[in-house]
Amino acid sequence: MAADRLASTGDGFRPKPPRASAAPACTSIDGDGCRVPAATAAAAPGPAHVSQPTPYDGILLLGFGGPEGQEDVIPFLRNVTAGRGIPDERLEEVAHHYRHFGGVSPINEHNRELKAALDVELAARGIDLPVYWGNRNWMPYVADALQAAHDAGRTRLLAIATSAYSSYSSCRQYREDLADAVEATGLSGLVEIDKVRQFFDHPGFVTPFAEGVAAGLDALHADGFSDDEIEILFSTHSIPNSDADRSGPPERELGTGGAYVAQHTAVAEAIVARLGTDCAWQLVYQSRSGPPQVPWLEPDINDAMAELPARGRSAVLIVPLGFVSDHMEVLWDLDTEAMETAQELGLTAVRTPTPGTHPAYVTGLVDLVVERIEGTDPADRPHETALGPWYDVCRPGCCENKRLGFQPALAGVAP
Ligand SMILES: CC1=C(CCC(=O)O)c2cc3nc(cc4[nH]c(cc5[nH]c(cc1n2)c(C)c5CCC(=O)O)c(CCC(=O)O)c4C)C(CCC(=O)O)=C3C
Ligand SMILES: [Fe+2]
């Protein structure tokens, strides 16, 4: 396997492959390293961001990556924060979350399980597409997966990132990871990579949450709580306000908070509407980092909980709406910290499940692949909010990061 060939050190750690600094700037839609699919660039009947039917020959499953032992924790955190100016105190603080769980994030195991479930689902539907898994921040890296795909003769790949919403961290950075991987493997011109649309409002993603909220409310009702005593807190990763404002394509003009906030709000509304619950709800944020003077999305979930008793609430249903699996941000920031806060405040708290390998989620991800192979008309693409279905090919300026400046990215129209 390519992963073995690329592995170099005896202790099993390889630093993240360096970012391709010599990569050419992308100035046109067919500029080096920032292609849109040829069929899309050509006069296409649909909108420019909808791709044409494409005979993909492999799937790239893109993960965040996580440490798998105490000795991995600091090298992993250095990968995550490379070039971001995250202070050492914060690294130590976060390292402690991982150390508490033996230095192991469950996220890699989740992605192994997801890959296995996708393999089963693809086979059951007679779709002959191998899945190659690679991470942004830990082995196997995206470059390893890409190399493995190429070694197996695959040249036309469709990427699925384990991230549902639009923002720099959750969409564009994965597109940059793809560009970096093409550069690091020297496969420029030899492989072509697209990416499935952000799937925040795909029923495959929404259904597991809706089921979890329904079950959670049932449990709280069974414990004697009435609807006006319960508040539903939909929780997602905080990001800098400036990232949020720039999330999504500029021409959508989604206002303060951009596509990131609009998408989360719309999905929460869709879940509440689906269930017809009368409980109060709000969108809250967690896992903030960075210097205190830089504004990030608020309110923090713990601050939001502190307001609840005064409003007559005695129970909270915590919905990890921004996350696809029970990784560290869920295990620590919600199941440990937020649960402690609830206890201090005398609130009964229930945390609902993430999609994980829920059959609806796995089926939905394969549906997202099929719609790209078939080039399904957008009108026929499942979506549960008025914002979707989202873009196959990201628009110019989508999810820009002003701090980092322009970096080459695949699966979108440059810049
Ligand atoms: C939007 C978003 C998602 C959700 C979408 C998605 O899932 O992609 C997400 C997921 C995750 N974030 C994760 C871990 C970390 N995120 C960090 C830092 C940051 N995240 C950010 C945003 C997001 N992050 C941002 C704007 C930063 C600031 C620094 C920067 O600009 O990059 C740091 C550095 C230390 C710290 O500052 O906390 C760590 C360790 C893990 C792995 C958990 C595990 O190991 O189980 C996962 C799935
Ligand atoms: Fe994060």
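One-based numbering, in listed order, for ligands and for the atoms of each. Throughout, numbering of the chain's residues begins at 1 and tracks the sequence.
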Using non-hydrogen atoms of the residue, decide whether Y174 is closer than 4.0 angstrom to ligand 1.
yes
Where does the angle between the aromatic ring planes of F323 and H237 fall among parallel (under 30°), tilted (30 to 60°) and perpendicular (over 60°)?
tilted
Nearest non-hydrogen atom to atom 43 (C) of ligand 1 belongs to which of F64, Y98, F76, Y168?
Y98
Establish, yes or no, whether a centroid distance under 6.0 Å links the rings of Y98 and F76.
yes
Using a distance threshold of 2.8 Å, what protein N/O/S atoms lie below it relative to the Fe ion (ligand 2)?
H237 NE2
Under a heavy-atom criterion of less than 4.0 Å, does Y260 contact ligand 1?
yes
Identity and separation of the nearest protein heavy atom to atom 48 (C) of ligand 1
H327 NE2, 3.3 Å
Counting from 1 in the order shown, the ligand 1 atoms closer than 4.0 Å to a non-hydrogen atom of V94 are 35 (C), 36 (C), 38 (O), 40 (C)
Side-chain ion pair, D392 and R381, N-O less than 4.0 Å
yes
L77 and ligand 1 - part of the residue with a heavy-atom distance under 4.0 Å:
side chain
For W296 and Y285, I'd like to know if the aromatic rings sit close, meaning centre-to-centre distance below 6.0 Å.
no
Nearest 0.5 Å please: distance from the CD atom of Q407 over to the CD atom of Q173.
10.0 Å
Go through the steps to decide whether R175 and D180 satisfy the test salt bridge (charged side-chain N to carboxylate O under 4.0 Å, His left out), and finish with yes or no.
CA-CA 9 Å; R175 297 174 44 220; D180 288 350; over 6 Å; no
Would E251 and R395 pass as an ion pair if we require N to O under 4.0 Å?
yes
